[in-house]
Asker: 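Below: one structure in C-alpha coordinates.
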Amino acid sequence: RSKFILQRENSRPLAVPAAGTGGELGRASIEVEAKFTAGPDTEARLVALGAALAGSSSFRDLYYDTPDLRLTRADHWLRLRQGAGWELKCPPEPPAGGTGGVPEAAAQEPPAVATTYQELTSPRAIVGRLCGVLGVAPAPAWDQVPGAVAGLDLQEFASFGTRRRSYRLGGLRVDLDQADFGYAVAEVEALVGAQEEVPAALEEVLQLRRALGRDGATRVPGKMSVYLQRHRPRHYEALLRAGVLAGDPEPPPHGDDTAKRGPS
Ligand code: V4E
(Lines give C-alpha, C1' and ligand atoms only; values in the text may rest on other atoms or scores of the structure.)
Protein backbone atom coordinates (compact mmCIF):
# COMPACT_ATOMS: atom_id res chain seq x y z
CA ARG A 1 0.00 0.00 0.00
CA SER A 2 1.37 3.39 -0.90
CA LYS A 3 2.39 5.61 1.95
CA PHE A 4 1.81 8.75 -0.07
CA ILE A 5 -1.28 10.85 0.19
CA LEU A 6 -3.17 11.41 -3.03
CA GLN A 7 -3.05 14.95 -4.30
CA ARG A 8 -6.21 16.91 -4.94
CA GLU A 9 -8.50 16.87 -7.95
CA ASN A 10 -9.21 20.35 -9.26
CA SER A 11 -7.60 21.57 -6.04
CA ARG A 12 -9.95 19.53 -3.88
CA PRO A 13 -8.53 16.59 -1.92
CA LEU A 14 -8.73 13.20 -3.63
CA ALA A 15 -7.74 11.71 -0.34
CA VAL A 16 -6.74 13.58 2.77
CA PRO A 17 -4.91 12.67 5.95
CA ALA A 18 -7.05 11.73 8.91
CA ALA A 19 -7.98 14.65 11.13
CA GLY A 20 -5.05 15.84 13.17
CA THR A 21 -2.44 13.84 11.26
CA GLY A 22 -1.60 16.27 8.49
CA GLY A 23 -2.41 19.53 6.79
CA GLU A 24 -1.79 22.98 8.13
CA LEU A 25 -3.13 22.37 11.61
CA GLY A 26 -0.87 19.40 12.19
CA ARG A 27 2.26 18.38 10.30
CA ALA A 28 3.14 20.26 7.15
CA SER A 29 1.83 18.92 3.83
CA ILE A 30 4.67 19.00 1.34
CA GLU A 31 4.27 18.63 -2.42
CA VAL A 32 7.07 16.85 -4.22
CA GLU A 33 6.80 17.56 -7.94
CA ALA A 34 8.75 16.99 -11.13
CA LYS A 35 7.74 18.53 -14.43
CA PHE A 36 8.14 16.80 -17.75
CA THR A 37 7.13 17.15 -21.38
CA ALA A 38 4.20 14.95 -22.30
CA GLY A 39 3.98 13.42 -25.73
CA PRO A 40 1.20 11.91 -27.84
CA ASP A 41 1.76 8.53 -26.15
CA THR A 42 1.96 9.72 -22.54
CA GLU A 43 -1.62 8.86 -21.61
CA ALA A 44 -1.33 5.41 -23.20
CA ARG A 45 1.91 4.86 -21.27
CA LEU A 46 0.20 5.91 -18.06
CA VAL A 47 -2.63 3.47 -18.63
CA ALA A 48 -0.14 0.70 -19.49
CA LEU A 49 1.58 1.36 -16.17
CA GLY A 50 -1.77 0.92 -14.40
CA ALA A 51 -2.71 4.58 -13.92
CA ALA A 52 -6.36 5.58 -13.79
CA LEU A 53 -7.82 8.81 -15.11
CA ALA A 54 -8.87 10.77 -12.01
CA GLY A 55 -10.60 13.57 -13.88
CA SER A 56 -10.42 16.58 -16.14
CA SER A 57 -10.78 20.14 -15.00
CA SER A 58 -10.36 23.74 -16.09
CA PHE A 59 -9.38 26.57 -13.80
CA ARG A 60 -7.96 30.09 -13.83
CA ASP A 61 -5.13 31.20 -11.56
CA LEU A 62 -4.53 34.82 -10.56
CA TYR A 63 -1.15 35.45 -8.90
CA TYR A 64 -0.33 38.35 -6.56
CA ASP A 65 2.81 40.10 -5.33
CA THR A 66 3.98 43.41 -3.92
CA PRO A 67 4.91 46.05 -6.52
CA ASP A 68 8.60 45.38 -5.74
CA LEU A 69 8.15 41.60 -6.09
CA ARG A 70 9.08 40.71 -2.53
CA LEU A 71 6.92 37.58 -2.40
CA THR A 72 8.07 35.90 -5.56
CA ARG A 73 11.69 36.97 -5.01
CA ALA A 74 11.35 35.00 -1.75
CA ASP A 75 9.84 32.06 -3.71
CA HIS A 76 6.34 32.63 -2.30
CA TRP A 77 3.49 32.21 -4.79
CA LEU A 78 0.13 33.58 -3.71
CA ARG A 79 -2.71 32.72 -6.04
CA LEU A 80 -6.46 32.75 -6.25
CA ARG A 81 -7.43 29.58 -8.04
CA GLN A 82 -10.93 30.31 -9.23
CA GLY A 83 -13.35 27.70 -7.95
CA ALA A 84 -10.89 26.53 -5.31
CA GLY A 85 -9.84 29.61 -3.34
CA TRP A 86 -6.63 31.17 -2.08
CA GLU A 87 -3.44 29.14 -1.99
CA LEU A 88 0.14 29.97 -1.06
CA LYS A 89 2.91 27.78 -2.44
CA CYS A 90 6.12 28.35 -0.52
CA PRO A 91 9.28 26.55 0.54
CA PRO A 92 8.66 24.06 3.33
CA GLU A 93 9.73 25.20 6.75
CA PRO A 94 12.91 23.32 7.68
CA PRO A 95 12.31 20.60 10.28
CA ALA A 96 12.97 21.70 13.87
CA GLY A 97 16.68 21.20 14.50
CA GLY A 98 17.19 19.95 10.92
CA THR A 99 19.44 21.30 8.23
CA GLY A 100 16.91 21.55 5.41
CA GLY A 101 19.60 20.07 3.19
CA VAL A 102 19.01 18.59 -0.27
CA PRO A 103 17.65 15.04 -0.04
CA GLU A 104 19.84 12.37 -1.60
CA ALA A 105 17.43 11.56 -4.44
CA ALA A 106 17.36 15.20 -5.53
CA ALA A 107 21.13 15.45 -5.41
CA GLN A 108 21.33 12.83 -8.16
CA GLU A 109 19.32 15.01 -10.54
CA PRO A 110 20.23 18.46 -11.86
CA PRO A 111 18.83 21.36 -9.81
CA ALA A 112 15.10 21.98 -10.05
CA VAL A 113 14.18 18.79 -11.94
CA ALA A 114 12.15 18.15 -8.80
CA THR A 115 10.82 20.71 -6.36
CA THR A 116 9.33 20.57 -2.88
CA TYR A 117 6.80 23.14 -1.77
CA GLN A 118 4.29 23.54 0.97
CA GLU A 119 0.80 24.55 -0.14
CA LEU A 120 -1.10 26.55 2.44
CA THR A 121 -4.84 27.02 2.09
CA SER A 122 -6.07 28.20 5.48
CA PRO A 123 -6.42 32.02 5.59
CA ARG A 124 -4.63 32.18 8.92
CA ALA A 125 -1.65 30.18 7.69
CA ILE A 126 -1.47 32.15 4.42
CA VAL A 127 -1.68 35.58 6.07
CA GLY A 128 0.78 34.56 8.80
CA ARG A 129 3.34 33.43 6.26
CA LEU A 130 2.86 36.53 4.07
CA CYS A 131 3.37 38.79 7.06
CA GLY A 132 6.48 36.84 8.05
CA VAL A 133 8.03 37.29 4.60
CA LEU A 134 7.09 40.96 4.41
CA GLY A 135 8.08 41.68 7.99
CA VAL A 136 4.77 43.19 9.11
CA ALA A 137 2.36 42.32 11.90
CA PRO A 138 -1.05 40.98 10.81
CA ALA A 139 -3.89 43.49 11.20
CA PRO A 140 -7.25 42.32 12.63
CA ALA A 141 -8.95 43.00 9.25
CA TRP A 142 -6.65 40.46 7.62
CA ASP A 143 -8.37 37.38 9.00
CA GLN A 144 -9.38 36.62 5.39
CA VAL A 145 -6.90 36.69 2.52
CA PRO A 146 -8.59 39.49 0.47
CA GLY A 147 -8.22 41.83 3.47
CA ALA A 148 -4.48 41.08 3.62
CA VAL A 149 -4.13 41.43 -0.16
CA ALA A 150 -5.61 44.94 0.05
CA GLY A 151 -3.76 45.90 3.23
CA LEU A 152 -0.39 44.69 1.95
CA ASP A 153 -0.91 46.37 -1.44
CA LEU A 154 -0.59 43.08 -3.31
CA GLN A 155 -1.29 43.32 -7.01
CA GLU A 156 -2.13 40.79 -9.67
CA PHE A 157 0.85 40.08 -11.91
CA ALA A 158 -0.29 36.98 -13.81
CA SER A 159 -3.56 35.43 -14.84
CA PHE A 160 -3.98 32.37 -17.01
CA GLY A 161 -6.29 29.44 -17.53
CA THR A 162 -5.33 25.76 -17.47
CA ARG A 163 -7.03 22.66 -18.84
CA ARG A 164 -5.87 19.65 -16.84
CA ARG A 165 -6.18 15.91 -17.14
CA SER A 166 -5.18 14.08 -13.95
CA TYR A 167 -4.13 10.47 -13.51
CA ARG A 168 -3.36 8.60 -10.33
CA LEU A 169 -0.96 5.75 -9.99
CA GLY A 170 -0.59 4.36 -6.48
CA GLY A 171 -0.02 7.40 -4.31
CA LEU A 172 1.30 9.48 -7.18
CA ARG A 173 -0.61 11.93 -9.28
CA VAL A 174 0.20 12.98 -12.83
CA ASP A 175 -1.23 16.23 -14.19
CA LEU A 176 -1.20 16.98 -17.90
CA ASP A 177 -1.71 20.74 -18.24
CA GLN A 178 -2.48 22.91 -21.23
CA ALA A 179 -2.22 26.63 -20.41
CA ASP A 180 -4.25 29.12 -22.42
CA PHE A 181 -1.15 31.09 -23.44
CA GLY A 182 0.04 28.19 -25.58
CA TYR A 183 2.24 26.11 -23.32
CA ALA A 184 1.74 22.49 -22.29
CA VAL A 185 3.55 20.86 -19.39
CA ALA A 186 3.04 17.77 -17.25
CA GLU A 187 4.06 16.94 -13.71
CA VAL A 188 4.36 13.95 -11.42
CA GLU A 189 3.40 14.79 -7.88
CA ALA A 190 3.34 13.24 -4.41
CA LEU A 191 2.03 14.80 -1.24
CA VAL A 192 3.74 13.84 2.01
CA GLY A 193 3.07 14.79 5.58
CA ALA A 194 6.59 15.45 6.84
CA GLN A 195 10.06 16.41 5.67
CA GLU A 196 11.46 12.96 6.53
CA GLU A 197 9.17 11.45 3.89
CA VAL A 198 10.46 13.70 1.11
CA PRO A 199 13.47 11.59 -0.04
CA ALA A 200 11.38 8.45 -0.63
CA ALA A 201 8.67 10.46 -2.37
CA LEU A 202 11.28 12.11 -4.57
CA GLU A 203 12.58 8.77 -5.66
CA GLU A 204 9.10 7.58 -6.65
CA VAL A 205 8.35 10.86 -8.44
CA LEU A 206 11.61 10.84 -10.38
CA GLN A 207 11.23 7.17 -11.28
CA LEU A 208 7.81 7.77 -12.82
CA ARG A 209 9.07 10.92 -14.55
CA ARG A 210 11.84 8.86 -16.14
CA ALA A 211 9.29 6.26 -17.26
CA LEU A 212 7.03 8.88 -18.85
CA GLY A 213 9.15 11.79 -19.90
CA ARG A 214 11.07 12.53 -23.05
CA ASP A 215 13.32 14.96 -21.23
CA GLY A 216 15.96 12.73 -19.67
CA ALA A 217 17.63 14.80 -16.98
CA THR A 218 16.61 18.10 -18.60
CA ARG A 219 14.77 20.57 -16.42
CA VAL A 220 11.35 21.50 -17.80
CA PRO A 221 9.99 24.96 -16.97
CA GLY A 222 6.63 25.36 -15.30
CA LYS A 223 3.74 27.42 -16.64
CA MET A 224 4.67 30.48 -14.58
CA SER A 225 8.25 30.53 -15.75
CA VAL A 226 7.15 30.54 -19.39
CA TYR A 227 4.34 33.03 -18.73
CA LEU A 228 6.72 35.52 -17.09
CA GLN A 229 9.36 35.06 -19.77
CA ARG A 230 6.79 35.89 -22.46
CA HIS A 231 4.58 38.45 -20.74
CA ARG A 232 6.55 39.93 -17.82
CA PRO A 233 10.19 39.79 -18.89
CA ARG A 234 11.42 42.22 -16.22
CA HIS A 235 9.76 40.16 -13.49
CA TYR A 236 11.29 37.02 -15.04
CA GLU A 237 14.77 38.59 -15.05
CA ALA A 238 14.37 39.65 -11.41
CA LEU A 239 13.56 36.06 -10.44
CA LEU A 240 16.54 34.74 -12.38
CA ARG A 241 18.76 37.22 -10.54
CA ALA A 242 17.20 36.17 -7.22
CA GLY A 243 17.91 32.52 -8.05
CA VAL A 244 14.21 31.66 -7.69
CA LEU A 245 13.82 30.60 -11.31
CA ALA A 246 16.56 28.91 -13.25
CA GLY A 247 17.08 30.05 -16.84
CA ASP A 248 15.60 27.67 -19.34
CA PRO A 249 18.23 25.59 -21.11
CA GLU A 250 16.28 25.94 -24.36
CA PRO A 251 13.38 28.39 -24.18
CA PRO A 252 10.26 26.58 -25.35
CA PRO A 253 8.87 27.87 -28.64
CA HIS A 254 5.61 29.74 -28.77
CA GLY A 255 2.48 27.86 -29.66
CA ASP A 256 1.06 24.56 -28.56
CA ASP A 257 4.46 22.99 -28.38
CA THR A 258 3.86 19.60 -26.83
CA ALA A 259 1.08 17.08 -26.79
CA LYS A 260 -2.28 17.98 -28.31
CA ARG A 261 -4.87 16.76 -25.89
CA GLY A 262 -8.58 17.27 -26.32
CA PRO A 263 -10.50 20.38 -27.31
CA SER A 264 -9.21 23.90 -26.61
C1 V4E B 1 5.99 27.00 -7.00
C2 V4E B 1 6.18 27.86 -8.19
C3 V4E B 1 5.18 28.52 -8.81
C4 V4E B 1 3.73 28.48 -8.49
C5 V4E B 1 3.04 27.58 -9.46
O6 V4E B 1 3.45 26.28 -9.18
P7 V4E B 1 3.31 25.12 -10.28
O8 V4E B 1 3.49 23.81 -9.58
O9 V4E B 1 4.25 25.38 -11.39
O10 V4E B 1 1.85 25.34 -10.84
P11 V4E B 1 0.62 24.33 -10.94
O12 V4E B 1 -0.49 25.04 -11.63
O13 V4E B 1 1.07 23.04 -11.56
O14 V4E B 1 0.25 24.12 -9.43
P15 V4E B 1 -0.42 22.84 -8.73
O16 V4E B 1 -1.82 22.70 -9.28
O17 V4E B 1 0.44 21.63 -9.00
O18 V4E B 1 -0.40 23.22 -7.27
S19 V4E B 1 5.78 29.38 -10.12
C20 V4E B 1 7.34 28.90 -9.82
N21 V4E B 1 7.41 28.11 -8.78
C22 V4E B 1 8.66 27.55 -8.40
C23 V4E B 1 9.07 26.46 -9.39
C24 V4E B 1 10.41 26.29 -9.73
N25 V4E B 1 11.36 27.08 -9.21
N26 V4E B 1 10.78 25.33 -10.62
C27 V4E B 1 9.84 24.53 -11.15
C28 V4E B 1 10.26 23.47 -12.14
N29 V4E B 1 8.55 24.64 -10.85
C30 V4E B 1 8.16 25.60 -9.97
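In listed order, ligands and their atoms are each counted from 1.
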Asker: With atoms numbered from 1 as shown, which atoms in ligand 1 lie under 4.0 angstrom from a non-hydrogen atom of K35?
Answerer: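 This gives 7 (P), 8 (O), 9 (O), 29 (N) as the contact atoms.
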Asker: With atom 27 (C) of ligand 1 as the reference point, say which of T72, L88, T115 has the nearest heavy atom.
Answerer: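 The option holding the nearest heavy atom is T115.
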Asker: With respect to atom 8 (O) of ligand 1, which of E87, R81, K89 exhibits the smallest heavy-atom separation?
Answerer: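 Looking at heavy atoms only, K89 sits closest to atom 8 (O) of ligand 1.
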Asker: Atoms of ligand 1 less than 4.0 Å from V244 heavy atoms?
Answerer: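 The atoms of ligand 1 under 4.0 Å from a heavy atom of V244 are 25 (N).
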Asker: Pairs of nitrogen or oxygen atoms closer than 3.5 Å, one from Y63 and one from ligand 1: do any exist?
Answerer: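 No.
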Asker: Between D175 and R165, is there a salt bridge with N-O shorter than 4.0 Å?
Answerer: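 D175 and R165: not salt-bridged.
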Asker: Should you measure from each heavy atom of M224, which atoms of ligand 1 turn up under 4.0 Å away?
Answerer: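 Ligand 1 atoms under the 4.0 Å threshold to M224: 19 (S).
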Asker: Do the side-chain N and O atoms of S159 and R60 include a donor-acceptor pair separated by under 3.5 angstrom?
Answerer: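 Result is yes, a qualifying pair exists.
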Asker: Can a donor-acceptor pair be found, under 3.5 Å and without considering hydrogens, that links the side chain of R232 to the backbone of F157?
Answerer: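 Between the backbone of F157 and the side chain of R232 there is a qualifying donor-acceptor contact (under 3.5 Å).
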Asker: Give the C-alpha distance, both sets of side-chain angles, the deciding distance and a yes or no for ring-ring contact (aromatic ring centres under 6.0 Å, His included) between W86 and Y64.
Answerer: CA-CA 11 Å; W86 290 93; Y64 292 82; 5.3 Å; yes
Asker: Start with the C-alpha gap between L172 and E189, add the side-chain angles, then the distance that decides, and say whether side-chain contact (heavy atoms from CB on, under 4.5 Å) holds.
Answerer: CA-CA 6 Å; L172 299 177; E189 200 167 86; over 6 Å; no
Asker: Please list, in number order, the atoms of ligand 1 under 4.0 Å from a heavy atom of E187.
Answerer: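 Answer, ordered by atom number: 8 (O), 13 (O), 17 (O).
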Asker: Taking side chain to side chain donor-acceptor pair (under 3.5 Å) as the cut-off, I'd like each qualifying pair that reaches into residues 143-155, sequence neighbours left out, listed once.
Answerer: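 Every pair satisfying side chain to side chain donor-acceptor pair (under 3.5 Å) with a residue in residues 143-155: D153-Q155.
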Asker: Taking side-chain contact (heavy atoms from CB on, under 4.5 Å) as the definition, give me every residue that meets it alongside R45, ordered by chain and number, with sequence neighbours left out.
Answerer: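 side-chain contact (heavy atoms from CB on, under 4.5 Å) check on R45 returns D41, L212.
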Asker: Which is it for Q118 and ligand 1 at heavy atoms under 4.0 Å: side chain, backbone, both or neither?
Answerer: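 Under 4.0 Å from ligand 1, Q118 contributes no heavy atoms.
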Asker: Flag R164 as yes when one of its N or O atoms lies below 3.5 Å from any N or O atom of ligand 1, and as no otherwise.
Answerer: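 Between R164 and ligand 1 (N or O atoms, distance only) the closest approach is under 3.5 Å.
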Asker: Should one rank W77, F59, Y117 by closest heavy-atom distance to atom 24 (C) of ligand 1, which comes out on top?
Answerer: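 Among W77, F59, Y117, the closest heavy atom to atom 24 (C) of ligand 1 comes from Y117.
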Asker: Do any nitrogen or oxygen atoms of D175 lie less than 3.5 angstrom from nitrogen or oxygen atoms of ligand 1?
Answerer: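 No; every N/O pair is 3.5 Å or more apart.
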Asker: Would you call R209 and E33 a salt bridge, taking side-chain N to carboxylate O under 4.0 Å as the test?
Answerer: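 Looking at E33 together with R209, the answer is no, because their closest N to O distance does not fall below 4.0 Å.
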Asker: Which atoms of ligand 1 sit under 4.0 Å from any heavy atom of E189?
Answerer: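 This gives 17 (O) as the contact atoms.
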Asker: Determine whether more than 12 heavy atoms belonging to other residues, nucleotides or ligands lie under 6.0 Å from atom CZ of R73.
Answerer: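 Yes, CZ of R73 has more than 12 neighbouring heavy atoms, counting only those of other groups under 6.0 Å.
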Asker: Side chain, backbone, both or neither: which applies to R219 and ligand 1 if a contact is any heavy-atom pair less than 4.0 Å apart?
Answerer: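 It is neither; nothing of R219 touches ligand 1.
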Asker: State whether the shortest distance between N or O atoms of D75 and N or O atoms of ligand 1 falls below 3.5 angstrom.
Answerer: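 There is no such contact.
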Asker: Please could you name the atoms of ligand 1 that R79 approaches to less than 4.0 Å, counting only its heavy atoms?
Answerer: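 The atoms of ligand 1 under 4.0 Å from a heavy atom of R79 are 5 (C), 10 (O), 11 (P), 12 (O), 14 (O), 15 (P), 16 (O), 18 (O).
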Asker: Run the numbers on Y183 and D177 for side chain to side chain donor-acceptor pair (under 3.5 Å), then give the verdict.
Answerer: CA-CA 8 Å; Y183 179 60; D177 285 356; over 6 Å; no
Asker: Pull out every atom of ligand 1 sitting under 4.0 Å from any heavy atom of E119, numbered as shown with elements.
Answerer: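 Listed by number with element, the hits are 18 (O).
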